[in-house]
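In what follows, chains carry the letters A, B, and so on, assigned in the order in which the sequence lines appear, proteins first and then strands, with residues in each chain numbered from 1.
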Amino acid sequence: MQGRNALVYAAVQRIPRGRVATYGQIAQMVGLGGLARQVGYALNALPARTAVPWHRVINARGQISLRRVIGAEIEQRIRLEAEGVRFNAAGRVSLADFGWVAGQAQVRRRGRRRPSRGSR
DNA sequence: GCAATGACGCTCT
DNA sequence: CAGAGCGCCATTG
């Protein structure tokens with residue numbers, strides 16, 4: 001356990017309830033640049049029972065990243081839906097609607113605010 | 001110490 | 001929009 005991991009966990013805990021963040025977002029937040037993979041690796045080292053809301057972290061596609069254990073994917077989705085996060089038919093989350101923007105505690109999301117990036 | 005693997009992301013097709 | 005390829009770095013055998 002390095003201080004880097006603790007930094008990642010701290011950033012994840014800052015994610016508001018009912019909102020999700022991407023691995024790359026967390027990576028940039030803790031100063032890892034675009035090393036999203038290391039964020040995922042750090043979360044992988046997380047104990048089974050933890051106060052860190054790891055389920056609020058998804059990939060840039062707005063989809064839940066599968067782990068070695070299949071059941072985890074379902075658990076993550078259930079926990080997110082319990083917080084109000086909605087999944088579309090493809091099983092993906094609209095980052096434009098539920099994506100957490102640092103510094104923006106509450107987003108009103110009146111229509112699409114950031115069409116530049118698209119949902120690609 | 002080298003090689004393979006992985007909770008990812010971006011770009012091209 | 002979906003799939004495939006390449007790159008990034010830490011952990012593990």
Say you draw a straight line from [atom1] of [X] to [atom2] of [Y]; how long is it, rounded to the nearest 0.5 Å?
X: A:N44; Y: A:W54; atom1: CG; atom2: CH2; answer: 11.5 Å
X: A:E83; Y: A:I15; atom1: CD; atom2: CD1; answer: 10.0 Å
X: A:Q38; Y: A:N5; atom1: CD; atom2: CG; answer: 9.5 Å
X: A:R19; Y: A:D97; atom1: CZ; atom2: CG; answer: 9.0 Å
X: A:R56; Y: A:R79; atom1: CZ; atom2: CZ; answer: 8.0 Å
X: A:F87; Y: A:Q63; atom1: CZ; atom2: CD; answer: 9.0 Å

Could you tell me the separation between the [atom1] atom of [X] and the [atom2] atom of [N], rounded to a whole number of Å?
X: A:L43; N: B:dA7; atom1: CG; atom2: P; result: 11 Å
X: A:R77; N: B:dA7; atom1: CZ; atom2: C1'; result: 18 Å
X: A:Q63; N: C:dC1; atom1: CD; atom2: P; result: 13 Å
X: A:L95; N: B:dG9; atom1: CG; atom2: C1'; result: 13 Å
X: A:I64; N: B:dG6; atom1: CD1; atom2: P; result: 20 Å
X: A:N88; N: C:dC1; atom1: CG; atom2: P; result: 10 Å

Picking from C:dA2, B:dG9, B:dA7, the nucleotide nearest the side-chain atoms of A:R92 would be C:dA2
Protein-nucleotides 2-4 of chain B N/O pairs under 3.5 Å:
none

Indicate, with yes or no, if A:I64 and A:Y41 share a hydrophobic cluster defined by side-chain heavy-atom contacts under 4.5 Å among Ile, Leu, Val, Met, Phe, Trp and Tyr.
no
Cluster question for you: counting only ILVMFWY and a side-chain heavy-atom cut-off of under 4.5 Å, with indirect links fine, are A:I58 and A:F98 together?
yes
Check for a donor-acceptor pair, side chain of A:Q76 on one end and backbone N or O of A:V57 on the other, with a separation under 3.5 Å.
yes
A:Y9 (side chain) donor-acceptor with A:A42 (main chain) under 3.5 angstrom:
yes
Please list, for nucleotides 7-10 of chain C, all pairs of protein and nucleotide N/O atoms separated by less than 3.5 Å.
unit_1: C:dC9; atom_1: O2; unit_2: A:Q38; atom_2: OE1; d: 3.0
unit_1: C:dA10; atom_1: O4'; unit_2: A:Q38; atom_2: NE2; d: 2.5

Counting only heavy atoms and a strict 4.0 angstrom limit, can you tell me which residues of residues 48-59 of chain A come near DNA chain B?
A:W54, A:N59
Does OP1 or OP2 of B:dA7 have a side-chain N or O of A:R61 closer than 4.0 Å?
no
Locate the shortest heavy-atom distance separating A:N59 from A:L95; write the atom from each residue and the value.
O-CD1, 4.4 Å
